[in-house]
Structure formats: C-alpha cells, structure tokens
Amino acid sequence: MSDLIERYLATWNASDSATRRALLAEHWAEDARYVDPLVDVAGRDALDATIAAVREQFPGFVFTPVSAADGHHDVTRFQWGLGPDGAEPIVIGFDVVTTGADGRITTVVGFLDRVPGAASDAAAGGAAGRVPAAASGA
C-alpha cells in the first residue's frame, strides 16, 4: 500500500509534463477516473491537465501523506496534505484509490477535509462549504 501511495503522490508532485505523463502511463490505467468535490475527469490527458492546473496554482507546494494507508483487496484509503515543502500542509484531503488487476490506479474518489478560507467564505456570506478550485488534487 505504501508503494501505491508513493506512486500516486509522485504523480501529483511531478512539476513537468514529461515526468508526469510518464508516471501516468506507468501507474494509472488509460481510462482512470478522478473525482472530488471540484472535478470529475477520466483518461490520462484529463488527469495530466488537472494535475498541471493544481501545480500551477500551488508552485513549490508538495503533496505528502498525512496518515498511513489502509486498504483491502483492490481499495486503499489515505489522507494527504498539500503545502510548502517541509511545512505544515495548508490543504488536507482524503482519497480512496482503486487499482486494477495489473496494479494500476483505475479510480480515485477524493474528499477535502481542510481548506483554508472555506469557513471564512461561509461566514462572509459565501456558499457554505465553498472550496477554491485550486485546492482540488491528490
């Protein structure tokens, strides 16, 4: 399970397209689907574009594991953080990853547990639970 999470986070942390596309080809099914409160995409091209957008929004930030992976059969869950390298994560999420018989990622269902500004947006009259689009990821 820890290898799966390392491969998963390496894909989200790849800042250049060539490296990211190589990781997607190696570790993700061709038609893999990623869904969270802000995005629902399928296929490596769409995944690459989604990850690139997050990398652009958060230059220099890294995804790190926040909890140990827990899983059974072909399903693994874990909590991740996004923040400056070596610092406390600013965003924390929870992902459930499903793999195929070949070990490649087929589906990711993500949840956002802590996003700065979401509570203050609601208090200021914004939509309750609104999450900045850039917070989507891992």
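Computed from a predicted model, the values in this text were never measured in an experiment. We count residues from 1, following the sequence as given.
Separating the NE2 atom in His27 from the CD atom in Glu6 is a distance of 10.0 Å, to the nearest 0.5 Å. The distance from atom CZ of Phe111 to atom CZ of Arg77, rounded to the nearest 0.5 Å, is 11.5 Å. Here CG of Leu47 is found 9.5 Å from CZ of Arg21. Values are rounded to the nearest 0.5 Å.
Both Val39 and Phe61 sit in one connected hydrophobic cluster of ILVMFWY residues. Membership requires side-chain heavy atoms under 4.5 Å apart, directly or through other members. There is a path of hydrophobic side-chain contacts, each under 4.5 Å, that joins Leu82 to Leu9. Linking ILVMFWY side-chain heavy atoms closer than 4.5 Å, directly or via other members, places Leu23 and Ile5 in two distinct hydrophobic clusters. Residue Val66 is not grouped with residue Val91 when hydrophobic side chains (ILVMFWY) are merged at heavy-atom distances under 4.5 angstrom, including chains of intermediate members.
A donor-acceptor pair under 3.5 Å is formed between the side chain of Arg20 and the backbone N or O of Ala14. With hydrogens and angles disregarded, no donor-acceptor distance shorter than 3.5 Å links the side chain of Asp31 to the backbone of Gly43. A donor-acceptor pair under 3.5 Å is absent between the side-chain atoms of Arg7 and the main chain of Arg104, judged by distance alone.
The two atoms that bring Gly81 and Pro89 nearest to each other are CA-CB, 3.6 Å, heavy atoms only. Across Leu24 and Arg44, no two heavy atoms sit closer than the pair O-NE, 3.4 Å. Minimum heavy-atom separation, Phe78 to Ala69: CB-CA, 4.0 Å. Shown here for Pro37 and Gly110, the closest heavy-atom pair between the two residues is CD-O, 3.5 Å.
Two residues are said to be in side-chain contact when any heavy atoms from C-beta on lie closer than 4.5 Å; Pro84 and Ile90 meet this criterion. Counting heavy atoms from C-beta outward, Thr106 and Thr99 have side chains that stay 4.5 Å or more apart. Using a 4.5 Å heavy-atom threshold, the side chains of Val96 and Val75 count as touching. Between Gln79 and Ile92 the shortest side-chain heavy-atom distance falls below 4.5 Å. Ile51 places none of its side-chain heavy atoms less than 4.5 Å from the side chain of Asp48. Side-chain atoms of Val108 and Val35, non-hydrogen and from C-beta on, never get closer than 4.5 Å to each other. Using a 4.5 Å heavy-atom cutoff, the side chains of Pro65 and Trp80 are not in contact. Annotation: side chain of Val97 is in contact with side chain of Leu4 (closest heavy-atom distance under 4.5 Å).
Aromatic pair Trp28/Tyr8: ring centres closer than 6.0 Å. The distance between the ring centers of Tyr34 and Trp12 falls below 6.0 angstrom.
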